[in-house]
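Numbering starts at 1 and runs along the sequence shown.
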Amino acid sequence: MRYLPLALIPVVYAQQHAFETKQQEPWTTKYGTQTDLSYTGPLSYSHLPYTRCLDDPSTTFDIAVLGMPFDTATSHRPGARFGPYAIRSGSRRQFAADGYALNWMTNPYARAEVIDCGDVPVSPYDNALAIDQMETAYTTLLARPVNGSATTRTAKLARDGVEHPRILTLGGDHTIVLPILRSLHQVYGPISVIHFDAHIDTWPSLGGVTEQSRVTHGTFFTLAFEEGLMSNTSIHAGIRNKLQGPELIEHDEEVGFELIMADDIDDIGTDEIVKHIRQRIGNSPVYLSFDIDTIDPGQAPATGTPEPAGWTGRETKRILRGLAGLNFVGADIVEVAPAYDNAGDITGILAAGLADDFLALFVTDEPPKRQVRRKRTLTDEL
């Protein structure tokens, strides 16, 4: 007869007791697993697993959701540091298991390992430090091995021929794109940018009291151009801001952008806008940067520099679906400032829905071809 060593008896008993307790507990017996409802549980994007990825290199993923709560380079109303919180809160009704989108005809969460990596703890006091923190964080996650749940997409674009994860960034003011492009350039070289915005954000960086004062949410594309981070095949969409004069559009073209005005949607429609963007970008690695002020402030009031007469959420989402199949290496949604939202939190909810579209863009090979079934009529029967 064999006996357990005395030292192991407490361990075995504890495990057996825990098993028996779990089997006998009333909640588990009657109702099963404790699940989160749309309005309960820890706050993460779409109730995804939440990991402080910068601290945990063992966690693998194909797509990371990463917050950058930075807003100290704004020119008008601050508050976008609370954007990551507002977008996550706006995503509470979204669940990975219920993520099948009728318009996309797919569930992006079922086609890749997507996790919420939390927020970069950026300095609210020192912009130069904050910019470096964001670049370092992005570079760290971009170098992680992919989970392998998604099909290979970025290896053919990367200089090292290796598959890299994609990052969906929640801003934050638009300045965050400068450190992101610096990180992406290390992996992919010059990047094309699809820039949804009411403003061109290519204002000349003329300097100021300090070198850091050149870096703002309206000059970052000019700085990225000066550093050679972008290709000359980038494009704006939804522009409607006022300028000092036409010479700024000439400068914008030098930086590498073409221009789609907000009013163009009335003249050529969404399909032609999609066609123009796709022709401009081609097969280059492309980064999608989306300022929430693209949307008319009647639907998205919570932003720092609202401009009237913008696109609707429905129009914009239709354009986004038409961009599926381009070589997206990353995306962001920025300038959500929830202090200016209404009681229904409509801006945060819309931003979360747009972010879901970005996830779909990461995992789909072509625009969805939805089949519309025509109802049979009496004439058909005759």
Side-chain angles (χ1 to χ4, degrees), residues 44-49 51 53 59-68 84 87-88 91 94-117 138 141-158 162-171 176-177 180-181 183-184 187-188 191-196 237 274 277-278 281-290 316-334 351-368:
S44 69
Y45 182 79
S46 295
H47 298 269
L48 289 170
T51 303
C53 298
T59 302
T60 60
F61 49 85
D62 300 306
I63 300 171
V65 178
L66 180 67
M68 289 189 178
I87 298 168
R88 288 187 177 102
S91 75
Q94 300 173 184
F95 287 87
D98 302 324
Y100 185 89
L102 291 175
N103 287 332
W104 281 99
M105 295 189 295
T106 192
N107 179 351
Y109 301 96
R111 301 177 63 172
E113 181 68 19
V114 188
I115 66 172
D116 190 328
C117 282
Y138 204 97
L141 299 186
L142 198 60
R144 295 278 173 82
V146 295
N147 177 273
S149 300
T151 56
T152 300
R153 294 179 181 276
T154 63
K156 63 182 180 181
L157 307 170
V162 173
E163 187 76 4
H164 291 265
R166 265 82 60 81
I167 301 173
L168 169 55
T169 309
L170 312 179
I176 70 169
V177 175
I180 289 173
L181 289 177
S183 293
L184 288 171
V187 174
Y188 301 106
I191 304 290
S192 297
V193 177
I194 302 174
H195 176 223
F196 284 82
V274 167
I277 294 174
R278 295 186 72 97
I281 298 302
N283 294 321
S284 64
V286 59
Y287 182 79
L288 173 63
S289 187
F290 195 101
T316 305
K317 289 168 79 67
R318 189 181 186 95
I319 293 169
L320 288 170
R321 290 195 298 274
L323 303 180
L326 295 178
N327 293 320
F328 289 102
V329 296
D332 67 61
I333 186 161
V334 297
L354 291 166
D356 240 31
D357 290 326
F358 303 163
L359 295 178
L361 285 172
F362 284 169
V363 299
T364 50
D365 297 316
E366 61 182 358

### Query
Closest heavy-atom contact between Ala112 and Ile63?
CB-CD1, 4.0 Å
### Query
Is the backbone N or O of Asn147 less than 3.5 Å from a side-chain atom of Asp62, with the two atoms forming a donor-acceptor pair by type?
yes
### Summary
Distance col, row Leu359:CG vs Leu48:CG, nearest 0.5 angstrom, shows 8.0 Å
### Task
Mark yes or no for whether Asp332, through its side chain, and Phe290, through its backbone, hold a donor-acceptor pair below 3.5 Å.
yes
### Message
For Phe61 versus Cys117, what's the shortest heavy-atom pair and its separation?
### Response
CE2-SG, 4.2 Å
### Task
Give the minimum heavy-atom separation between Met68 and Tyr138, together with the two atoms involved.
CE-CD1, 3.9 Å
#### Entry: Nearest-0.5 Å distance that lies between atom CG in Leu66 and atom CD1 in Ile167
6.0 Å
### Query
Parallel under 30°, tilted from 30 to 60°, perpendicular over 60°: which one fits the rings of His164 and Tyr188?
perpendicular
### Query
Is there a donor-acceptor pair closer than 3.5 Å between any side-chain N or O of Arg278 and the backbone N or O of Gly322?
yes
### Query
Is Asp116 reaching over with its side chain to a backbone N or O of Tyr45, donor-acceptor style, under 3.5 angstrom?
yes
### Query
What's the spacing between Ser192 OG and Asn327 CG if we round to 0.5 Å?
9.5 Å
### Message
Would you compute the distance between atom CG of Leu157 and atom CD of Glu163 and round it to the nearest 0.5 angstrom?
### Response
8.5 Å
### Query
Just wondering, are more than 12 heavy atoms of other shown residues or ligands nearer than 6.0 Å to CZ in Arg321?
yes
### Query
Can you tell me if Arg153 uses its side chain to pair, donor with acceptor, with the backbone of Phe362 under 3.5 Å?
yes
### Query
Pick from Thr154, Ile180, Val187: which one makes a side-chain contact (heavy atoms from CB on, under 4.5 Å) with Leu142?
Val187
